[in-house]
A.B. asks: 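Please find one structure pasted underneath; my questions will follow.
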Amino acid sequence: MGVQQYDEIGEAFEGFKSLPLMRYGEVPSFLGMVGDVRGKSVLDLACGTGFYSRELKRRGAADVFGVDISVEMIAAARDIDRRDPLGVRYEVGDVTELPSLERHFDVALGVQCLNYAEDVAAMERMCRNIHRNLVPGGEFFVLAQKPDYRFDCPSLEKYGFRCEPTGEEAGTGPRVRVTALLEPQPISIVATAPRREVYEECLRTAGFSDVEWVPVQVSDAGIREFGADFWADALAKPPLEMLRCRA
């Protein structure tokens, strides 16, 4: 479901992080949850064009390895690294088929990753593959569509996005179409919004513990830029949620 649509986007995917909800909500919240990575090894799954891979390398991660199923996304990530070398390694790979890698990592990231599992069995395989590539006690950080989001935020478009159900149901939850309102051309992606219990059961079955849901907040910079009233709808009916757990 995900490969072709991402191959068609390429480096334009970088523009997502400039939209208000991403710039002032997702990015600072996710990086804040991950915390201090100085000296740590990081496995970035569904890394896309490498945004978080680069951010964590800049923040002192000793080794960062990005994996994505899209050939074009990895090509874009490598091009960016050639222009601004940080030493991040990237490879094309499917998380559902991820082998045991050459090392175990301290931290794994799954930003809009597990929600591309076609069914519960595929998500379990993803989680098992991630777990076996982490050191004991290593942390896995997830960002995804809020599992019980009701598509009723009245002003989501002012935050840079449109989100709507497709009317189809996958094995893990409803399918959704997310449109990033980029200029000059909006970009739409179809994914799944897995149910909360699916995430939790798959992670625990794979051996993860301390599974904890974490809300996305708005940064102080976002409040200063737009004012508190601007963010009221997004905070009352957040479309995104994060999750952390331990191997």
Side-chain angles (χ1 to χ4, degrees), residues 1-3 5-6 26 29-30 33-35 41-48 52-53 65-70 73 91-101 103-151 163 165-166 168-178 189-216 238-247:
M1 181 176 60
V3 183
Q5 57 187 349
Y6 279 98
E26 177 202 305
S29 294
F30 191 73
M33 178 176 67
V34 173
S41 55
V42 177
L43 176 60
D44 187 4
L45 301 156
C47 67
Y52 284 109
S53 296
F65 181 40
V67 177
D68 198 281
I69 197 171
S70 166
M73 286 287 177
E91 293 291 341
V92 176
D94 182 348
V95 181
T96 59
E97 306 298 333
L98 187 71
S100 293
L101 300 173
R103 65 171 302 170
H104 290 95
F105 292 81
D106 300 307
V107 171
L109 314 180
V111 175
Q112 305 291 8
C113 172
L114 298 181
N115 50 312
Y116 284 100
E118 288 292 339
D119 52 33
V120 173
M123 188 185 286
E124 284 187 5
R125 286 199 305 276
M126 283 182 169
C127 292
R128 289 183 192 278
N129 293 341
I130 295 163
H131 186 277
R132 71 179 178 179
N133 280 293
L134 283 170
V135 299
E139 293 182 285
F140 180 34
F141 299 98
V142 175
L143 183 136
Q145 175 112 27
K146 185 179 175 69
D148 45 10
Y149 182 61
R150 298 184 180 278
F151 309 98
C163 185
T166 66
E168 300 171 303
E169 189 82 13
T172 58
R175 293 209 196 280
V176 299
R177 179 177 293 101
V178 176
I189 294 170
V190 175
T192 303
R195 297 179 294 277
R196 194 173 298 271
E197 65 271 17
V198 170
Y199 279 115
E200 294 173 359
E201 290 171 9
C202 288
L203 288 166
R204 291 193 175 108
T205 298
F208 286 99
S209 61
D210 301 330
V211 178
E212 176 190 4
W213 291 94
V214 181
V216 169
L240 299 172
E241 194 167 7
M242 305 182 299
L243 187 154
R244 64 188 303 162
C245 55
R246 193 174 295 277

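Just so it is clear, the values below take in all heavy atoms, side chains as well, and ignore hydrogens, waters and symmetry mates. Owing to the predicted nature of the structure, the values given are computational and were not obtained by experimental measurement.
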A.B. asks: Less than 4.5 Å apart, side chain to side chain, heavy atoms only: is that true for Gln145 and Val178?
C.D. replies: yes

A.B. asks: Quick one: are Leu109 and Phe30 in side-chain contact, heavy atoms under 4.5 Å?
C.D. replies: yes

A.B. asks: Under the criterion side-chain hydrogen bond (donor to acceptor under 3.5 Å, both in side chains), I'd like the reasoning laid out for Thr192 against Asn115: C-alpha separation, chi angles, the key distance, then a yes or no.
C.D. replies: CA-CA 5 Å; Thr192 303; Asn115 50 312; over 6 Å; no

A.B. asks: Are Cys245 and Leu203 packed together at the side-chain level, in the sense that at least one heavy-atom pair is separated by less than 4.5 angstrom?
C.D. replies: yes

A.B. asks: If you look at every heavy atom in Ser41 and His104, which pair is closest and at what distance?
C.D. replies: OG-O, 3.9 Å

A.B. asks: State, with a plain yes or no, whether a side-chain heavy atom of Arg195 is found less than 4.5 Å away from one of Pro147.
C.D. replies: no

A.B. asks: For Cys47 versus Ser53, what's the shortest heavy-atom pair and its separation?
C.D. replies: CB-OG, 4.0 Å

A.B. asks: What heavy-atom pair brings Leu45 and Ala108 nearest, and what distance separates the two atoms?
C.D. replies: CD1-CB, 4.4 Å

A.B. asks: Quick one: does NZ or CZ of Arg196 land under 6.0 Å from the six-membered ring centre of Tyr199, within 45 degrees of the ring axis?
C.D. replies: no

A.B. asks: Check step by step if salt bridge (charged side-chain N to carboxylate O under 4.0 Å, His left out) holds for Glu26 and Lys146.
C.D. replies: CA-CA 12 Å; Glu26 177 202 305; Lys146 185 179 175 69; over 6 Å; no

A.B. asks: Taking distance alone, no hydrogens or angles, what donor-acceptor pairs closer than 3.5 Å link side-chain atoms of residues 127-142 to residues at least two apart or in another chain?
C.D. replies:
residue, atom, partner, partner atom, Å
Asn129, ND2, Val95, O, 2.9
Asn129, ND2, Thr96, O, 3.1
Asn129, ND2, Arg125, O, 3.2
His131, NE2, Gly207, O, 3.2
Arg132, NH2, Leu98, O, 2.7
Asn133, OD1, Leu101, N, 2.7
Asn133, ND2, Pro99, O, 3.1
Asn133, ND2, Asn129, O, 2.9
Glu139, OE2, Arg244, NH2, 3.1
Glu139, OE2, Arg246, NH2, 3.3

A.B. asks: For Val176 versus Ala193, what's the shortest heavy-atom pair and its separation?
C.D. replies: CG1-CB, 4.2 Å

A.B. asks: So, do Tyr149 and Glu241 sit near enough that their side-chain heavy atoms are less than 4.5 Å apart?
C.D. replies: no

A.B. asks: Under 3.5 Å, is there a donor-acceptor pair between the side chain of Asp94 and the main chain of Ile69?
C.D. replies: no

A.B. asks: Just how far is it from atom CD1 of Ile189 to atom CD of Gln112, taken to the nearest 0.5 Å?
C.D. replies: 8.5 Å

A.B. asks: Hey, does the side chain of Thr172 reach the backbone of Val120 with a donor-acceptor pair shorter than 3.5 angstrom?
C.D. replies: no

